[in-house]
Each structure stands twice: as C-alpha cells, then as structure tokens.
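Just the heavy atoms: all of them, side chains too, but no hydrogens, waters or symmetry mates, feed the values below.
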Amino acid sequence: MAAATAATGLVAAGVLSGAGTAAADGRPGTQGGAAATINGLKTYGEAVIHEGGGDQRVSAGLFEMSVDGGGTLQTYCVDLHNPTQRDARYEETPWSGTSLGANKDAGRIRWILQNSYPQVNDLATLARRAGAGALTEQDAAAGTQVAIWRYSDGAKVDAVDPQAEKLADYLEKSARNLGEPQASLTLDPPAVSGRPGDVLGPVTVHTNADAVTVLPPADAASSGVRITDKTGKTLTSARDGSRVYFDVPESAADGTAQLTLQASTTVPVGRAFASDSRSQTQILAGSSESTVSATATANWAAEGAIPAVSTREDCAAGGVDVITANTGDRPFTFDLLGTEHTVPAGATRTVTVPLQEDQAYDFTITGPNGFSHHVTGLLDCKTQGAVTTEHAPAHNQPSPATVGGSAIPDNTDLAATGGSAITPLIAGLAIGLVVIGGTVLIILRNREQQNG
C-alpha cells in the first residue's frame with residue numbers, strides 16, 4: 001500500500017491541494033499580462049494521430065478566448081495529451097512556467113505562428129508558399145495546428161485534408177528558432193520593501209503597450225502612500241522601461257500597499273497561456289486590442305525584518321521558487337511547509353518547493369507579526385503520456401466538449417477529464433482497504449468466540 005500511495009503522487013512534501021481547482025489570484029509566476037476564459041474551438045479541421053499502434057482522428061485548429069476587461073485571443077494548443085476544460089481560466093505565462101521552457105523547438109513554434117494563419121490571412125499566398133492548391137480557413141488552421149504539435153509534443157500527426165497536410169509539412173520544414181516574445185505587461189520585481197519615510201523600489205515596467213495607466217493603492221488617501229518616479233513626481237501613467245516607486249510617509253504605521261498598472265494592447269504572438277485547471281496549455285496566434293494588467297506590492301516597517309516575498313513556477317527546477325528579499329536590520333525567519341528558513345538582513349534567498357508534474361499545490365508562507373503569503377497553482381511543465389482515451393472521431397461541428405486533440409463524450413463531466421489517470425488505482429486502494437478491514441473484523445470475532 002505504501003508503494004501504491006507513492007506511485008499515485010498524492011504525497012509531495014505536503015504541498016498538494018485536493019482535486020479542486022486552485023484559486024487563480026494566488027498563482028505564482030504571472031505578475032501581469034492578459035487573463036482570459038477559453039470559449040472552445042472556433043476554426044478547425046481534422047487530423048489523425050498515429051500513436052500506440054493505432055490511428056485516432058481528432059479536431060485540430062484555433063481556439064478563442066475572451067479577455068477579462070475586454071478583448072479576444074486566438075490560440076493553438078501546445079499540450080496534446082491533456083484535455084481542455086470548459087470555460088477554463090487562463091493567464092499569460094512565461095515560457096519557463098510551461099513545457100515550452102524546456103523545449104528546444106519552442107522558437108520554431110513561434111516562427112510557425114508568425115508565418116501562418118491567422119497572422120497570414122491571405123490564404124492564396126499561404127497556399128502558394130506551401131505548394132497547396134487552395135486553402136480554406138479550416139484547412140489553414142488544421143495544418144498550422146498539426147505543424148505545432150509536431151514540435152510541441154513530438155507527435156506523429158497528419159492533417160486529414162491533403163492541402164492542410166501540405167501546409168503542415170511546409171511549416172515544419174521552414175520553421176526557424178525565434179526568441180520568446182515580450183510580455184504584454186509585467187513588473188520586476190513584483191514585491192519591494194523598506195522603511196517608512198523612504199522611497200521603496202524601483203519596480204520596472206515591461207510592456208509592449210504605448211502607455212500604461214498607474215492606479216494608486218486603494219487606501220492611498222488615508223495612508224498617504226504615493227506612486228512616484230525617481231524624482232518624487234506622482235505618476236498616473238508609465239511606459240516600457242519606466243521605474244515606479246512607493247513613496248511611504250515617515251509617519252506611516254507598519255503596513256503594505258499594492259499598485260496596479262493597466263493598459264490596452266495587442267498581446268504578442270507566441271505568448272504562452274496556462275491554466276490551474278489542468279487544461280491544455282495554449283500559445284497565442286492572434287489578439288485584438290485587449291486589457292492587460294499587473295500588480296506590485298510594497299511592505300514597510302519601522303524596525304526589524306522587512307520581507308518582500310514573491311513566487312514563480314520554475315519548470316527547470318521542477319517546483320515553485322519562493323524568493324525572499326529582506327531589507328530590514330534583523331534576520332527574517334519564515335515557515336514553509338513545516339521547515340524554518342532564515343534570510344539575513346540585507347540579503348535575498350530563493351527556496352524551491354519541489355513538486356511532481358501535474359500536481360496541484362496550496363501552501364502558505366508564514367512569519368512573525370502575522371506575516372502570511374498564500375500560494376496556489378498546478379505545475380504543468382511537460383507534455384507526456386498517451387493521448388487521452390476521451391478522444392472521439394472529429395465531426396463537422398464540435399460538441400461543447402470538443403477540444404484541440406481531445407473530444408470528450410457528451411455525458412462526461414468535463415472537469416473530471418482533467419483528473420489524473422491514477423483514479424482507478426485510488427479506487428482499487430479503497431476497495432482493498434474495505435476488504436482488509438472486513439478480514440480483520442472476521443479474525444477478531446473468531447478470536448472472541450474462541451476466548452469465550
């Protein structure tokens with residue numbers, strides 16, 4: 001039983017949550033950008049996956065997402081072996097927080113996105129480049145998705161339509177490595193600290209937007225905290241490369257404040273989008289003018305330790321990095337999963353919480369004077385395993401449960417398909433425990449009768 005429990009991955013340093021979806025606002029590594037809800041496949045064709053000694057026919061093409069605050073995104077799937085959850089929430093994520101971070105061909109996927117549909121919407125030109133007779137939007141979307149799967153998942157997959165297959169072959173052979181695109185909006189670092197009376201920062205703005213609106217802390221009027229530039233001038237807007245500061249009054253009681261930056265821009269093609277619901281990782285193919293935002297936090301105290309804590313998913317290390325900077329004059333000691341860690345005054349330390357692939361996590365970092373930092377999420381760093389058994393033949397129209405590479409039967413609870421394949425093992429363990437319990441009761445009863 002101990003071996004079986006370890007195999008299920010249910011125990012991972014005490015950081016795993018239950019089967020439910022983790023709260024998006026506690027997810028590390030997404031200090032800014034676009035947040036959106038997936039609406040499903042919108043433009044697609046058919047593909048055949050050759051795997052496990054058999055062929056499987058699936059839908060393949062463009063997804064659509066609705067951005068919080070306004071805007072629409074078009075995406076392709078880069079995670080063939082996971083299903084897509086209906087109405088799953090997604091956040092713009094660095095490649096390092098997804099399977100793309102360790103994929104040497106991630107840059108080729110970006111080239112495909114920039115040189116195919118919908119970025120190239122002149123289908124006649126695209127068909128001529130690919131040596132295809134003619135391409136419909138559905139063919140172009142299917143061929144592009146197939147080419148991406150070959151690099152994102154190493155899949156043996158072909159488009160059903162001959163013209164779409166010619167496009168896929170052309171894109172695969174022509175692709176060149178490009179770098180990761182700039183975030184639509186992010187702040188570095190996402191947390192700062194210092195003494196009241198000081199100017200805390202800087203926090204550097206990274207964005208592709210022409211202008212960014214700076215929203216001061218909600219309690220700025222009462223706390224007196226201002227958001228300024230390095231000269232002390234109050235800021236109401238910023239741009240790429242701007243450095244912003246928290247100006248905290250000397251009379252301010254120990255506390256914290258948060259600023260928010262917001263902009264309207266097109267999200268760069270090739271940005272990754274990840275979800276906490278074990279829904280397929282997506283990569284951006286096109287964006288309307290969309291709302292993006294980012295936040296940064298300041299923490300101050302008159303004396304003692306003054307921590308600034310941030311977290312990020314680190315796929316290279318296989319876990320979540322907890323980054324703590326202590327700008328105070330005393331060491332800062334915090335508790336993480338039952339272990340104490342100390343950051344000396346004026347130092348920065350990074351502690352990595354190891355996690356298993358596809359495991360949810362939910363933990364709280366605690367420290368003196370009521371310090372608390374809650375972190376939730378799900379580590380999804382790899383494309384692995386076989387295509388899910390919930391695949392169904394592709395149809396002319398997708399059912400509500402159809403996904404890029406995964407079509408779930410209509411009578412299936414879609415959220416359940418995001419569960420692990422360990423479910424049968426868990427059920428088997430439960431049955432085994434019942435049987436063992438029953439056997440023990442029988443033995444004890446027989447002994448009582450003998451003693452009687």
Side-chain angles (χ1 to χ4, degrees), residues 17 20-40 63-79 82 84-101 106 180-191 205-209 212 258 260-288 290-297 310-315 320-321 355 358-362 373-381 404 418:
S17 71
T21 302
D25 59 2
R27 188 173 188 271
T30 54
Q31 284 85 31
T37 300
I38 197 162
N39 300 328
F63 287 87
E64 185 178 283
M65 293 189 187
S66 296
V67 179
D68 294 359
T72 302
L73 307 178
Q74 292 175 302
T75 62
Y76 287 106
C77 160
V78 289
D79 192 4
N82 280 326
T84 298
Q85 308 297 324
R86 181 187 287 116
D87 297 327
R89 297 268 305 146
Y90 280 81
E91 293 185 12
E92 187 178 338
T93 305
W95 283 4
S96 61
T98 72
S99 61
L100 296 170
E180 181 176 1
Q182 179 186 13
S184 62
L185 177 60
T186 190
L187 301 176
D188 181 33
V205 180
H206 300 285
T207 183
N208 71 329
V212 179
Q258 184 179 77
T260 300
L261 272 67
Q262 192 172 80
S264 180
T265 187
T266 55
V267 182
V269 170
R271 290 296 291 170
F273 280 78
S275 173
D276 286 343
S277 62
R278 199 173 175 239
S279 190
Q280 288 174 329
T281 302
Q282 306 280 316
I283 192 164
L284 189 74
S287 168
S288 71
S290 298
T291 300
V292 297
S293 63
T295 60
T297 302
S310 61
T311 56
R312 68 187 175 203
E313 288 187 353
D314 185 348
C315 285
V320 172
D321 291 337
L355 293 165
D358 288 335
Q359 292 297 322
Y361 54 88
D362 187 339
H373 187 92
H374 186 211
V375 185
T376 63
L378 184 146
L379 193 73
D380 184 9
C381 292

Partners of Ala285 by side-chain contact (heavy atoms from CB on, under 4.5 Å), sequence neighbours excluded?
Leu62, Tyr76, Leu113, Pro118

Write down the atom of Leu378, the atom of Tyr361, and the distance for their closest heavy-atom approach.
N-CE2, 3.4 Å

Give a yes or no on whether the backbone of Val267 and the side-chain of Ser184 come within a donor-acceptor separation of less than 3.5 Å.
no

At their closest point, which heavy atom of Val212 faces which heavy atom of Ala209, and how far apart are they?
CG2-CB, 4.4 Å

Ignoring hydrogens, what is the shortest heavy-atom contact between Leu261 and Leu185? Give both atom names and the distance.
O-CD2, 3.6 Å

Please assess Asp68 against Arg89 for the test side chain to side chain contact (heavy atoms under 4.5 Å, CB included), listing each intermediate value before the final yes or no.
CA-CA 10 Å; Asp68 294 359; Arg89 297 268 305 146; 2.8 Å; yes

CD1 on Ile38 to CG on Asp87, rounded to 0.5 Å:
9.5 Å

One should read off an interatomic distance between Asp380 CG and Glu313 CD, to the nearest 0.5 angstrom, of 8.5 Å

Going by side-chain hydrogen bond (donor to acceptor under 3.5 Å, both in side chains), name the residues that satisfy it together with Ser264, two or more places apart in sequence or in a different chain.
Glu289

Under 4.5 Å between any side-chain heavy atoms of Phe273 and Leu73, yes or no?
yes

So which heavy atom on Pro190 is nearest to which on Ser310, and how close?
CG-CB, 3.6 Å

Taking all non-hydrogen atoms of both residues into account, name the closest pair between Ala36 and Val67 and its distance.
CB-CA, 3.9 Å

Give me the atom names and distance for the closest heavy-atom approach of Ala274 to Thr98.
CB-CG2, 4.3 Å

Do Ser290 side-chain atoms and Gly71 backbone N/O form a donor-acceptor pair below 3.5 Å?
no

Holding to side-chain contact (heavy atoms from CB on, under 4.5 Å), I want the full list of residues that pass it with Ala183, two or more places apart in sequence or in another chain.
Glu92, Thr186, Arg271

Using the test side-chain hydrogen bond (donor to acceptor under 3.5 Å, both in side chains), find all partners of Thr265 that sit at least two apart in sequence or belong to another chain.
Asn208

Donor-acceptor pair, Thr72 side chain versus Ser288 backbone, under 3.5 Å?
no

Is a side-chain donor or acceptor of Gln280 paired with a backbone partner of Asn82 at a separation under 3.5 angstrom?
yes

Distance, nearest 0.5 Å, that separates CH2 of Trp95 from CD1 of Ile283
6.0 Å

Which residues share a side-chain contact (heavy atoms from CB on, under 4.5 Å) with Asn39, sequence neighbours left out
Lys42, Glu64, Ser66

Please name all residues satisfying side-chain hydrogen bond (donor to acceptor under 3.5 Å, both in side chains) with Thr75, sequence neighbours left out, ordered by chain then number.
Gln282

Run the side chain to side chain contact (heavy atoms under 4.5 Å, CB included) check on Gln262 and Thr291 step by step: do they pass?
CA-CA 7 Å; Gln262 192 172 80; Thr291 300; 4.0 Å; yes

Sub-4.5 Å side-chain heavy-atom contact between Asp321 and Arg312:
yes

